[in-house]
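Model, not experiment: these values are computed from the prediction. Order of the sequence lines sets the chain letters (A, B, ...), proteins ahead of strands, with each chain counted from 1.
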There are 2 protein chains.
Amino acid sequence: MPVTLRDVAVAAGVSPATASRALSAPDVVAPETREAVLRAAQALGYRPNRAARALSTGRSGHLCLVVPDLGNPFFAAVAKAVQSRARAAGYAVMIADSEEDPRLEADLVAQLGAQADGVLLCSPRMSAAALAAVAAGPTPVLLVNREGADLPSVVIDDRDGIRQTLRHLHALGHRRVAHVGGPDGSWSDARRREGLADTSPAGLEVVELGPHAPVFSGGVAAADLALAAGATAVVAHNDLVALGVLDRLRARGVRVPEDVSVVGFDDGPVATLVTPPLTTVAAPLALLGRTAVDLLLDPPDVTPHVVLPVELVVRGSSAQAPADAAAPTAPGT
Amino acid sequence: MPVTLRDVAVAAGVSPATASRALSAPDVVAPETREAVLRAAQALGYRPNRAARALSTGRSGHLCLVVPDLGNPFFAAVAKAVQSRARAAGYAVMIADSEEDPRLEADLVAQLGAQADGVLLCSPRMSAAALAAVAAGPTPVLLVNREGADLPSVVIDDRDGIRQTLRHLHALGHRRVAHVGGPDGSWSDARRREGLADTSPAGLEVVELGPHAPVFSGGVAAADLALAAGATAVVAHNDLVALGVLDRLRARGVRVPEDVSVVGFDDGPVATLVTPPLTTVAAPLALLGRTAVDLLLDPPDVTPHVVLPVELVVRGSSAQAPADAAAPTAPGT
DNA sequence: ATGAAAGCGCTAACAA
DNA sequence: TTGTTAGCGCTTTCAT
């Protein structure tokens with residue numbers, strides 16, 4: 001009983017074909033005809049049947065977004081931006097949460113991807129082989145915040161984030177910092193480690209910790225290790241981890257930033273939820289989502305590998321290294 | 001070039017109709033036939049075309065979830081549960097973020113709802129009229145965390161959450177508490193206020209504050225008001241607001257919980273991200289999402305109005321009222 | 001510029 | 001139990 005295009009056509013006194021054209025290719029139809037059709041459609045409250053259109057055109061008008069964890073503010077922010085941009089472009093977004101399971105992610109892409117015109121895949125940990133399989137599928141796939149299998153991708157500049165962080169800490173007199181690594185196999189974690197190795201200022205020693213889960217509890221666990229390692233600053237895999245570090249340090253009576261500095265990553269909504277507010281690398285999450293949608297919807301001629309710039313936001317959780325630790329070789333001064 | 005049901009039928013030596021039945025109504029077809037079809041489908045890598053099925057059956061296999069803000073951990077948690085349950089039931093979830101705009105919500109339901117078999121609507125602030133319009137649409141709608149327009153609904157027990165909170169604070173000796181109200185027109189906020197009026201223990205005075213935005217900054221603003229009102233405890237609209245209160249109190253040198261107690265609502269992931277961890281009313285977010293999906297997919301005979309129980313989780317942000325404030329009428333003791 | 005007709009892939013009567 | 005047939009609502013050649 002819903003009103004079909006045929007009904008509109010009859011009401012407007014034209015053929016279904018003309019009605020169709022009037023709605024989807026307005027400039028190929030006579031102005032008055034178009035008017036009549038539009039008016040009829042309006043009057044009858046016509047709503048095109050997307051399934052029928054999809055069947056006919058082969059395009060569903062759906063985009064599919066696969067994320068490891070919707071509860072993670074990083075992905076929630078990306079999802080929000082993706083959804084918003086996609087809707088502006090006339091697409092609906094199907095969302096799939098893989099619960100951090102890379103195998104499930106591959107399934108989801110296959111299943112949901114078949115019903116969509118494109119897939120945005122956030123899969124920090126999917127194996128290269130699985131990625132290649134995904135790339136071989138019929139639906140265009142764009143990687144968000146990782147690269148691989150020669151698929152188009154949009155990532156943030158992890159390496160530069162680390163560089164900025166290390167320079168900041170070095171400038172503050174820190175000489176021994178702990179890096180709380182992300183989960184095993186994480187693509188961005190690997191980029192960060194490269195940055196750690198390449199960009200560390202002379203005289204700055206980096207202690208590698210991890211792998212750790214990219215959540216609060218991971219940070220809690222890492223804090224003790226960082227302390228034991230004698231670090232005066234902790235660089236966390238993301239903001240959630242940084243909050244865990246903060247919490248554990250406080251519980252142990254270590255003051256932040258007086259005794260130890262803590263730096264997060266992402267500058268998600270949680271970064272300013274705590275005291276002291278987090279010094280963190282701001283990743284343009286909304287831009288990440290928007291760019292991903294744009295690139296997926298009209299791909300440039302050459303496979304894009306976009307790297308988005310990041311910026312260190314200095315807040316209250318980082319400060320000058322404590323005097324007695326600035327020269328760790330002479331702790332007794 | 002994708003393989004169609006017809007291809008499978010040919011390969012299996014049966015008619016398309018039989019192939020269709022073998023796949024979707026396995027028990028109405030001869031075992032051997034079914035075997036043959038299944039084998040052929042497997043061999044060819046057949047994937048049913050959902051759009052074609054949707055067109056033919058009138059069911060899309062999609063559910064639509066409309067939320068005001070995906071970035072809000074409350075809705076992210078619900079979305080996650082919804083997505084998971086829906087997938088288990090063979091449905092894909094289209095998600096829409098209304099950016100806290102009730103008008104947009106109505107549009108989204110109309111647009112996306114038409115392409116879905118059902119809509120889960122989280123709309124704390126949509127007007128009754130808009131709700132009625134939504135209810136009149138062709139697609140089944142279920143309300144999440146609000147009631148109205150005689151639509152099926154699943155809500156949490158706001159009233160009881162408030163009751164438990166007030167009893168808790170009263171037992172701790174608080175005699176004057178501030179309630180940080182949610183945004184104007186919020187359905188659950190109205191329920192909370194009812195609870196405030198009905199269930200307040202004798203001798204407990206409640207100061208109503210608000211409306212406030214249901215986010216961190218709302219709490220920051222409210223904290224000053226609560227202090228000015230002479231409250232020894234603050235009951236926040238949700239955890240995010242509570243964190244804002246916490247932060248502002250700390251900034252003003254007020255100790256939590258020694259000087260002032262703070263209680264949140266929802267027990268979302270952020271509740272334990274801070275020190276002291278938040279005393280808060282635990283809402284069963286995952287259960288909320290799951291129940292909503294179940295009720296939408298097979299509705300009981302009578303329109304369901306499910307109320308989910310809540311439980312006060314006492315953590316570090318609430319404690320005994322300060323001695324000199326326990327008897328506010330005699331501040332000089 | 002418009003209409004007629006075919007077909008997208010699948011399902012569901014209705015027959016056999 | 002299986003095959004035949006028609007059709008879901010829309011788009012898109014191909015004519016006119």
**Message:** Judged by each residue's nearest nucleotide on DNA chain D, which is more toward the 5′ side, B:Pro16 or B:Ala52?
**Reply:** B:Pro16
Side-chain donor/acceptor of [X] to backbone N/O of [Y], under 3.5 Å:
{"X": "B:Arg125", "Y": "B:Gly185", "value": "no"}
{"X": "B:Arg34", "Y": "B:Pro26", "value": "yes"}
{"X": "A:Asp101", "Y": "A:Ser98", "value": "no"}
{"X": "A:Asp117", "Y": "A:Leu63", "value": "no"}
{"X": "B:Arg146", "Y": "B:Met126", "value": "yes"}

**Message:** Nearest to the B:Ala17 side chain among D:dT11, D:dT4, C:dG9, which nucleotide is it?
**Reply:** D:dT4
**Prompt:** Which nucleotide in the list D:dT2, D:dG9, C:dC10 gets nearest to the side chain of A:Leu55?
**Reply:** D:dG9
**Item:** Any side-chain heavy-atom pair of B:Val29 and B:Val37 under 4.5 Å
**Value:** no
**Item:** DNA chain D-proximal residues of residues 20-49 of chain A, any heavy atom under 4.0 Å
**Value:** A:Ser20, A:Arg21, A:Tyr46, A:Pro48, A:Asn49
**Request:** Taking only heavy atoms on the protein side, list every residue of residues 56-64 of chain B lying under 4.0 Å from any atom of DNA chain D, sorted numerically.
**Result:** B:Ser56
**Request:** Determine: side-chain N/O of A:Ser15 to OP1/OP2 of C:dG3, distance under 4.0 Å, yes or no.
**Result:** yes
**Message:** In this structure, how many angstroms lie between the P atom of C:dG7 and the CZ atom of B:Arg6, rounded?
**Reply:** 11 Å
**Item:** Nearest-0.5 Å distance, CG of residue A:Asp294 to CZ of residue A:Arg85
**Value:** 4.0 Å
**Message:** Taking B:Asp69 first and then A:Lys80, would you say they form a salt bridge - that is, a charged N and a carboxylate O separated by under 4.0 Å?
**Reply:** yes
